[in-house]
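Residue numbering restarts at 1 for every chain, and letters A, B, ... go by the order of the sequence lines.
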Amino acid sequence: MSEERYAIECKGITKSFGSVVANDHVDLKVKRGEILALLGENGSGKTTLMNMLSGIYHPDEGTIFINGKETVINSPTDADALGIGMIHQHFKLVEVHNAMDNIILGGKEKYFNRKELRNKILSISEKFGLEVEPEKKVYDMSVSEKQTLEIMKVLYRGADILILDEPTAVLTPQETQRLFAILRKMRAEGSAIIIITHKLNEVMEISDRVTILRKGKSVNTVVTRESTESRLTELMVGRPVSLSIERAVVKEKKKLLEVYHLSVKRQDGSIALNDVSFDICSGEILGIAGVAGSGQKELCEVLAGLQPVEKGAVLYDKENIIGKTPAEIISLGISMSFVPEDRLGMGLVASMGMTDNMLLKCYRDSKGPFIDRKPAKKLAEELIKKLDIQTPGTETPVRLLSGGNVQKVLLGREIQSVPNVLITAYPVRGLDIHSSYTIYDLLNEQKKKNTAVIFIGEDLDVLLQLADRIMVLCHGEVTGIVNAESTSKETIGWMMSGKKEVESVAGTIH
Amino acid sequence: MREPFIRTVKRAELSPKQTAALRLAALLLALTAGGIFILCLGYNPFAIYGTILSGSFRSGLAIQAVVKIMISLLIASLAVTLAFKMQFWNIGAEGQIIMGAIFSSFFALFCANWPRVVLIPVMVVAGVVGGGLWGLIPAFFKCRYGTNETLFTLMLNYIALYLIAFLRDGPWRDPANPGFAKIATFEKNAQLPKVFGVHIGWIFALVLLAFVWVYLKYTKQGYEISVVGESQATARYSGMNVKKIILRTMFMSGAIAGIAGMAQAAGSDATLASGVAGGVGFTAIIVAWLGNLNPGSIFIISALFSILEKGSSVVQSNFGLSTDCADVLQGIILFFILGCEFFIRYKFVIRGKDGAGA
């Protein structure tokens with residue numbers, strides 16, 4: 001194979017969904033022995049482009065060359081045959097099977113020899129530094145182990161072109177380092193790797209070149225070493241952006257919410273929260289860090305009155321709110337906004353317009369059997385202006401708005417209800433940089449108004465800058481509550497993986 | 001590896017005009033397909049279609065007959081609309097109609113000597129209670145034990161149906177008619193009065209039409225129904241008592257169906273016949289869907305279906321063509337209209353042709 005040929009070369013790829021053009025004449029090239037980062041704001045078409053390479057979608061226009069040959073990829077099976085392996089954001093593994101069974105699943109051989117299979121897995125393990133235990137059941141694996149297994153799956157099928165869609169979103173900083181080590185080994189073995197991410201520091205660390213997508217177009221491709229984070233941001237957003245969050249200072253504080261020995265079981269009987277205790281003051285932002293699924297969702301739901309509790313108490317202004325209905329909790333001024341993976345699941349009604357969504361929590365307040373839409377419409381119009389929400393009108397169904405605008409609608413409504421406690425989970429999930437900073441400003445504004453803000457976040461850098469204190473959850477347990485100004489990302493990373501506060505400090509001294 | 005011959009592509013959102021044109025085209029295609037079907041049976045489709053229309057409007061009596069058919073169909077469609085808006089798949093309108101009819105018939109049969117101004121309202125309330133309870137049962141089990149409402153409501157239909165047969169052959173059997181088991185004809189006092197030649201069920205229907213429209217669009221409870229239908233998680237999160245809303249809505253859905261049963265028994269049939277629902281509860285599902293759960297459209301569609309049904313009975317007497325053919329025509333229309341929903345959202349792209357954009 002000559003060095004000149006690209007492993008993947010996309011020319012003028014266009015794909016639209018209805019009137020939305022997700023990819024507009026996108027060009028992209030990856031060489032062997034190279035890691036290409038695909039950078040772009042949410043909705044800029046990264047995932048769509050990768051789905052076309054893995055045969056899930058079919059481009060409307062444009063051509064794809066694999067190893068220099070023009071190719072049509074009709075299905076994931078075709079992609080397999082071409083040596084393209086995709087690691088999706090959501091793992092596609094059979095929970096009750098062990099690693100080996102998952103690896104052969106969907107493969108072409110009809111018969112296989114377990115011993116040979118084992119040896120092959122172990123030899124791949126050794127070659128790339130993947131740690132996979134062939135007999136381990138998937139449900140016993142940690143998130144990072146599952147991801148490693150996904151990588152093993154595509155390597156076993158002989159993939160030498162690897163696409164990873166936001167692989168680090170679910171990992172602790174330490175696990176991310178381990179993943180990067182694997183990727184570097186694969187690069188050394190001559191694989192071509194595309195990594196999708198919107199974490200700039202990771203782009204700088206791992207990639208050789210960066211292709212930037214903006215609004216479905218490929219705006220530029222730069223060599224990572226010759227660029228900087230701020231230059232990349234500028235390319236991504238289209239204009240210079242300042243990247244700092246100011247921490248507002250509030251002097252008068254009083255304890256508003258106290259949580260004592262809270263334990264919660266999920267419906268399947270597993271432990272979601274185990275003996276969680278913390279408190280939060282007015283005018284404070286409490287950040288909550290943790291790998292996805294560490295009990296954040298259940299904590300939110302307990303505070304909103306949606307989740308039954310095994311034991312423990314939640315005192316709001318000295319009054320226990322456990323056992324109160326969600327409506328009673330809302331009337332106390334405790335407001336929860338949880339942004340789930342699909343963004344719309346809870347909190348907003350997708351098929352309704354902004355006006356009707358504004359009514360969701362306050363329609364009961366007016367008298368009589370009829371609903372009064374006028375104030376809600378006014379509120380919707382105010383929010384559109386204040387938060388610069390892009391929508392054709394107040395009656396356009398919110399599912400037609402882009403992710404960032406949907407989140408502004410949700411958070412805007414919660415803030416407009418002048419809450420005393422504002423719980424917000426993943427408010428910037430998948431948002432572009434500009435919208436994210438708007439949201440951080442909104443939260444800081446709330447803090448200045450003496451609201452107690454609970455901020456459940458994914459990005460540690462943001463948590464460190466925005467929050468006053470950070471509580472770390474791991475498998476439903478509190479592994480530490482630290483002062484954000486005097487801690488480090490590494491410490492929090494250790495605590496996220498289950499090391500208690502004291503041990504982690506020792507760990508960093510080592 | 002070649003490009004697939006045909007693939008589906010999502011369309012840009014169509015304007016309301018384009019959507020209407022597409023639906024009209026579907027209707028025309030349905031009539032054409034129905035025409036071919038009639039042609040295969042050896043009749044002239046134009047003559048048959050013409051007879052359906054003229055048969056429905058040839059006289060005042062014919063129009064009254066159409067309205068009579070429409071009363072229970074419209075009321076039942078409104079009933080299921082409430083449940084469907086909440087995404088509660090109530091396919092038990094049939095049973096709820098029957099229970100409404102049974103409850104009100106009790107008063108018609110055994111309290112016929114009451115003054116009419118008391119008796120008729122009592123019968124209406126009995127119909128509401130009977131249908132409402134029959135709707136409440138599946139809702140209760142759904143909330144309490146998570147049972148499947150589709151199966152549950154369907155099964156309750158048969159229980160209600162055989163309950164009539166039991167009453168007819170046993171306790172409520174008309175002693176004046178020893179040979180043939182039937183329930184006695186209601187006394188004049190227990191029959192619904194007539195206005196403009198049709199029993200006042202049509203006034204009930206129009207009042208309910210306005211009620212359901214206002215209820216869904218302008219009341220808090222109507223708002224709650226749409227939120228619960230869209231996402232129960234969202235409803236709970238915003239402080240709604242989801243179970244209460246489900247129970248309340250299903251009671252209303254059943255109650256409205258019960259009124260349809262009461263009107264059919266005390267208005268059209270003047271007795272409790274085992275065919276009191278006669279499949280109306282199922283046709284209502286089709287009407288509600290074709291009307292997009294919009295009361296205005298439901299009014300029009302139920303009128304069209306009633307014309308089709310009345311017209312086909314004329315076709316039967318004039319041409320000797322079974323009324324079952326009307327069901328086949330209904331099925332064909334349904335097939336095309338529902339099929340066109342796909343084309344409103346997607347289109348096909350054939351290989352080789354320019355596949356760009358949508």
Segment of [X] engaging chain B (4.5 angstrom heavy-atom cut-off):
X: A:Thr325; value: neither
X: A:Leu359; value: both
X: A:Arg373; value: side chain

message: Less than 4.0 angstrom from a charged side-chain N to a carboxylate O is my criterion; do A:Lys324 and A:Glu319 meet it?
response: yes

task: State, without any angle test, whether A:Ser16 and A:Asp60 hold a side-chain donor-acceptor pair at a distance under 3.5 Å.
output: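 The criterion, which ignores hydrogens and geometry beyond distance, is satisfied for A:Asp60 and A:Ser16.
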
field: Side chain B:Lys220, main chain A:Gly368, donor-acceptor under 3.5 Å
entry: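 At least one qualifying donor-acceptor pair exists.
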
query: How close do B:Pro295 and B:Leu209 get, heavy atom to heavy atom, and via which atoms?
result: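 Taking B:Pro295 first and B:Leu209 second, the nearest heavy atoms are O-CD1, 3.5 Å.
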
task: Give the minimum heavy-atom separation between B:Ala79 and B:Ser253, together with the two atoms involved.
output: O-OG, 2.7 Å

Top of [options] for chain B proximity - count of heavy-atom pairs under 4.5 angstrom:
options: A:Leu306, A:Ile371, A:Asp356; answer: A:Ile371
options: A:Gly305, A:Ser366, A:Cys362, A:Ala304; answer: A:Ser366
options: A:Pro326, A:Gly62, A:Ser351, A:Ser75; answer: A:Ser351

field: Interchain contact, B:Gln232 with chain A, by part (heavy-atom threshold 4.5 Å)
entry: neither

Counterpart residues, side-chain contact (heavy atoms from CB on, under 4.5 Å), relative to A:Ala7 (two or more places apart):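 A:Arg32, A:Asn67, A:Ile161, A:Ala192.
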
